[in-house]
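Reviewing the structure listed below.
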Amino acid sequence: MTIRSILIHPDPRLKKEAEPITEVTDAVRLQANDMLATMYDAPGIGLAAPQIGVLNRMIVMDCVKEDGEAARPMVLMNPEVIGISEELNTYEEGCLSIPEQYADVERPSEVDVRWLGLDGALHEEHFTGLWATCVQHEIDHLNGKLFIDYLRPLKRQMITRKMQKLKREKARA
Ligand code: NI
């Protein structure tokens with residue numbers, strides 16, 4: 001298992017549409033393990049393949065936050081939202097590719113998602129609460145969309161400038 005480095009916005013690879021995964025190969029399983037390890041190491045509750053520079057449609061997540069509750073690592077390939085609630089929910093979102101920046105984003109509060117699992121089968125699940133927000137945020141990544149794209153342009157530009165500065169500082173270090 002390898003901890004991969006996470007791309008920081010702005011990066012052209014974070015703006016691209018990712019390609020579907022057609023077969024569950026050893027390379028795909030390895031990628032899933034690396035992504036989970038990278039997510040837990042960060043630490044974060046979700047990670048999408050483009051964030052490690054891999055342009056395929058894989059996301060991983062684990063939104064279990066309670067101490068003492070069992071972890072629930074999930075690997076979703078080619079995830080598709082097949083139903084959304086009318087009711088909306090606002091969460092203060094963050095992103096491992098936009099460190100230490102948080103903003104309120106409004107999304108459907110519940111979603112039905114279908115995906116290809118590592119077992120090669122199609123799965124469907126109804127997500128609520130933090131899971132619903134997280135899965136929508138991660139699927140956005142596969143379509144080149146970041147949570148800051150929901151913000152007003154001025155706020156988005158402010159965050160982007162902070163990230164550019166952060167990247168310059170990291171490059172010098
Ligand atoms: Ni993100």
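All ligand and atom numbering here is 1-based and tracks the order in the structure. Just the heavy atoms: all of them, side chains too, but no hydrogens, waters or symmetry mates, feed the values below.
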Please output the side-chain donor-acceptor pairs of residues 39-50 that fall under 3.5 Å, not counting sequence neighbours, one pair per line with the distance.
unit_1 : atom_1 : unit_2 : atom_2 : d
Tyr40  : OH     : Asp62  : OD2    : 2.6

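Screening residues 119-128 for salt bridge (charged side-chain N to carboxylate O under 4.0 Å, His left out) gives Arg72-Glu125, Arg114-Glu124 as the qualifying pairs, with residues at least two apart or on separate chains.
Qualifying ring pair (Phe, Tyr, Trp, His ring centres under 6.0 Å) partners for His123, counting only residues two or more places apart in sequence or in other chains: Trp115.
Between the side chains of Glu110 and Thr128, not a single donor N or O lies within less than 3.5 Å of an accepting N or O.
Around CE of Met158, the count of heavy atoms belonging to other residues, nucleotides or ligands within 6.0 Å exceeds 12.
Remark: Lys155 fails to qualify as a cation-pi partner of Tyr150 under the 6.0 Å distance and 45° angle criteria applied to the six-membered ring.
For the Ni ion (ligand 1), protein N, O or S atoms under 2.8 Å: 3 in total.
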